[in-house]
Amino acid sequence: MSLVEIPYTRYSSSSDNYYCIDDIIATCEKIPSKVEQPLFRLGFLDPSTDNTTIQPGTKLELPFWLASSLCTRRRRLVSVDMPKTYKDSFREILKADANVVDLHKIGPYYYSFGSKLLHFDHPEIGDIADSLLQGFISRFRRIMDSSQNAYNEDTTHLTCKLDESERCVFKAGQKGLDDFQRWQTGQTT
Amino acid sequence: MFGEKALELIRELHRSTEGVLPPFNDEGIRQVLEEMRSLYEQNQADVSATVAGEQGLFSGVQLRHASLERDKRCLLAYLYNRLQKIRNMRWEFGSVLPADIKTNMSEQEVQWFTKYNKCLANYMRRLGDSGLDLTQDMQPPK
Amino acid sequence: ENLETHLKNVTLRHMPRNLQSIDKDKTAPR
């Protein structure tokens, strides 16, 4: 199935697990939002005003967990825009050469948080979904190669630019290599 | 912003390395419960004001309710993931945990651990003819 | 049951009334 045919659906990834710590930390990433209705007695949300009411049109950075509750189909108290690192210019960089991008500094939950952005009704989410998929696929080979060939050495330089999901893949590759080496040397009992 | 204290509890647990149980953060939990209480009271006040005819308070109620749900999720995840660590230690160290771990457990976690031990022992005793210690030989035989 | 008792004793019973239950659908691991 070519990439274009993969129908992306509104999915809740398994990391939506209520108790998942990574998911809780990923959902506190900020989202550029714009107030659509007056928010009374919530002036503290907007550091740039002393007013107790936030007027429509005010731009705020809200954590995902709050923005996704205030911007739903039924009720749009705020509207959201995509974060810079998921916008067109950044997607171009990822497309040009995904392997040079430091997703840990930008993320570290780049894919997990990007997947959550698909919950919103936004014109760019189709392109974002493709970009996440393409970026992961482009980087996957190098992650697997490096994790399968780094035995008993410091791997910091191999993982420092990886996002959390990629580090899990790297760790799985390392465990497979370690198990195989132990089996080969008869250490597995 | 609401939810910051609750997130700090989660980050503290996330920073702890595998096989290490950080001390139970009583004070952190108390502060989050305090934030939840004041959010709830503010919502109660806004709902009463709306019933009395005041307009436009719905957005605040919605925002505070989302914050209450967030605080609750962080507290439950904090407790749940600590129990997961303790359970993994049971399978690694056996039914008597090292003293340095036990000192970092809350009284309720010790109670939970005692019950877990009992459940596991009852289950293992019923396996095979004379019981089977599942925590041995965690690696497959050669 | 052990887990629920623990969550209730440590935090849920101190929360506002409408938040003291555990939503099984929401908390079930996917």
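A quick note: this is a predicted structure, and the numbers were derived from the prediction, not measured. Protein chains get the first letters and strands the later ones, always in sequence-line order, with residue 1 at the start of each.
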Heavy-atom proximity to chain A below 4.5 Å, by part of [X]:
| X | result |
| --- | --- |
| B:L76 | both |
| B:Y78 | neither |
| B:Q84 | neither |

Flag if over 12 foreign heavy atoms under 6.0 Å of [atom1], [X]:
| X | atom1 | result |
| --- | --- | --- |
| B:F93 | CZ | yes |
| B:K118 | NZ | no |
| B:Q55 | CD | no |
| B:K115 | NZ | yes |

Is it the backbone or the side chain of A:L70 that comes under 4.5 Å from a heavy atom of chain B, or both, or neither?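 Just the side chain, heavy atoms under 4.5 Å.
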Take A:C28 and B:E4 through the side chain to side chain contact (heavy atoms under 4.5 Å, CB included) test and state the conclusion after the steps. CA-CA 9 Å; A:C28 77; B:E4 295 291 337; over 6 Å; no
Test B:H14 against A:D22 for side chain to side chain contact (heavy atoms under 4.5 Å, CB included), laying out the working first. CA-CA 8 Å; B:H14 190 246; A:D22 282 322; 3.1 Å; yes
Spatial distance of atom CG (A:L66) from atom CG (B:L63) [nearest 0.5 Å]: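 Atom-to-atom, A:L66:CG and B:L63:CG are 4.5 Å apart.
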Find the distance between CD1 (A:I21) and CZ (B:R15) and round it off to the nearest 0.5 Å.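 So the CD1 of A:I21 and the CZ of B:R15 are separated by 11.0 Å.
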Less than 4.5 Å apart, any side-chain heavy atom of [X] and any of [Y]?
| X | Y | value |
| --- | --- | --- |
| B:R70 | A:T27 | yes |
| B:Q62 | A:L77 | yes |
| A:I24 | B:R11 | no |

Relative to each other, are the rings of B:Y80 and A:Y19 parallel, tilted or perpendicular (30° and 60° limits)?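 Answer is parallel, since the angle falls under 30°.
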Show your reasoning for whether side-chain hydrogen bond (donor to acceptor under 3.5 Å, both in side chains) applies to B:S59 and A:R75. CA-CA 10 Å; B:S59 43; A:R75 121 188 15 106; over 6 Å; no
Minimum-distance pair of heavy atoms, taken over all atoms of B:A77 and A:Y18: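 Minimum heavy-atom contact is CB-O, 4.4 Å.
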